[in-house]
Structures are given as C-alpha cells and as structure tokens.
Amino acid sequence: MFSLNKLSPTITDMIRFDHSHVMVTFHQYTASQKPTVKKALAETICTALEIHATLEEEIFYPVMRELEGSDPTILKAEPEHNEMRRVIARLRTTKAADPQHDVLMHELMRDVMHHVADEETVLLPDAERLLPADRLTELGMAMTRRRLQLVTPQAGKIAANTAVGFSGSTAAMVLGVAGAAFAAFKLIPRKAHA
Ligand SMILES: [Fe+2]
Ligand SMILES: [Fe+2]
C-alpha cells in the first residue's frame with residue numbers, strides 16, 4: 001500500500017533545506033537596496049531563523065543530547081541560538097536607513113554561517129550515522145507538524161514581507177512550506193536505486 005511516510009523528508013534533509021534557503025535570502029540583501037526592501041528581507045530572515053531555531057531546540061537537539069550529550073557542538077548549539085536572537089532583537093529595533101542595520105545584518109550572517117557549518121559537518125552527519133532511516137523520517141514528520149503550528153499565526157506578516165522582499169516561491173521555501181514538493185523530488189533518486 002502507498003505510504004505517505006515515504007514522501008516525508010528526513011529531519012536532517014529538512015534542516016539542510018532550511019539552511020540553504022536562509023542563505024539564499026541573505027544573498028539578496030545588499031547595501032544599495034531601498035530601506036523598505038532591506039527591512040522586508042531582514043524580517044523574512046529573522047522569522048525563518050526563529051522558527052528554525054525553535055524546531056531544532058524542540059525536536060532535533062534533545063535527540064542529539066541523548067546520543068552525544070558531551071560533544072562540544074551540541075553543547076554550544078543552544079547558546080548560539082540565543083546569541084542569534086539577541087542580534088535579531090537589535091536588528092528589529094534598528095531602522096533600515098540607519099547604517100547600523102547593514103552592520104547587524106552582516107553580524108547575523110557571520111554568526112549563522114559559523115553555526116550552520118558546525119551543524120552540517122558534525123551534528124547532521126552524526127545523526128545520520130547513529131539513527132536509523134525510519135527514525136530520521138519520523139522526526140522529519142514531527143518537524144513538519146510543529147512548523148505548521150509555528151507558521152500559521154504569522155502567515156499575514158510573512159505574506160506582507162514576501163510581497164516587498166522577493167518572489168513568493170522563494171519565501172515559501174525559506175519557511176519550509178514547500179516541503180511536500182521537496183519530498184517528491186527526493187523520491188526520484190530513491191526509486192532509481194530501488
Ligand atoms: Fe541551530
Ligand atoms: Fe540549523
């Protein structure tokens with residue numbers, strides 16, 4: 001019988017997917033843009049990062065702490081999210097026309113790049129080595145369910161920022177709403193190797 005579970009991306013692929021699309025949004029932010037565009041891009045990035053950090057803290061990090069609780073990468077992961085939240089709070093209270101807005105955006109980008117590098121070279125490979133495929137898929141489904149709960153109350157704000165910032169399809173991917181399309185894409189190589 002056809003199973004919807006098979007359509008669900010693993011938690012590790014979802015995390016990589018979120019990282020890629022936050023980076024795409026960072027790359028759209030340049031110093032020469034109009035303040036309204038800068039603010040919309042900044043807010044899209046901040047919202048996507050907040051949702052991603054909450055999902056990792058609630059669903060991914062507790063599992064990793066059980067597997068390798070004394071690993072320095074998992075120990076510093078949540079404090080790094082909190083540092084990121086402090087930069088986000090300062091960014092939100094800074095006008096986009098203020099030169100400090102660019103400085104804070106670059107600080108956030110640098111922090112996120114370091115953090116993402118640690119996750120993608122340590123935590124995600126460790127999770128894939130230590131957990132069975134079924135468990136990775138099950139955690140991916142839990143992440144999708146929780147993401148919908150977190151995104152729904154913010155849908156209006158997200159749509160408004162998307163209209164000013166960039167194309168709707170990119171924003172949908174930043175927030176992981178396109179997860180089903182991604183899952184379908186991932187099915188192709190799996191079937192080919194079946
Ligand atoms: Fe993280
Ligand atoms: Fe992450």
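Whatever order the structure lists them in is the order used to number ligands and atoms, beginning at 1. Just so you know, these numbers come straight off a predicted model, no measurement behind them.
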**OP:** Mind running ring pair (Phe, Tyr, Trp, His ring centres under 6.0 Å) on F26 and H21 for me, showing each step along the way?
**Re:** CA-CA 9 Å; F26 270 134; H21 288 93; over 10 Å; no
**OP:** Group every Ile, Leu, Val, Met, Phe, Trp and Tyr by side-chain heavy-atom contacts under 4.5 Å, then state whether L67 and Y61 land in the same group.
**Re:** yes
Is the closest side-chain donor-acceptor distance between [X] and [Y] under 3.5 Å?
| X | Y | result |
| --- | --- | --- |
| T94 | Q100 | no |
| Y29 | H106 | no |
| K76 | H115 | no |

Original post:
Going by the ring pair (Phe, Tyr, Trp, His ring centres under 6.0 Å) test, which pairs reach into residues 116-146, not counting sequence neighbours?
Top reply: none
Original post:
What's within reach of the Fe ion (ligand 1), meaning protein N/O/S atoms under 2.8 Å?
Top reply: E56 OE1, Y61 OH, H81 NE2, H115 NE2, E119 OE2
**OP:** Could you check which N/O/S atom of H19 is closest to the Fe ion (ligand 2)?
**Re:** NE2
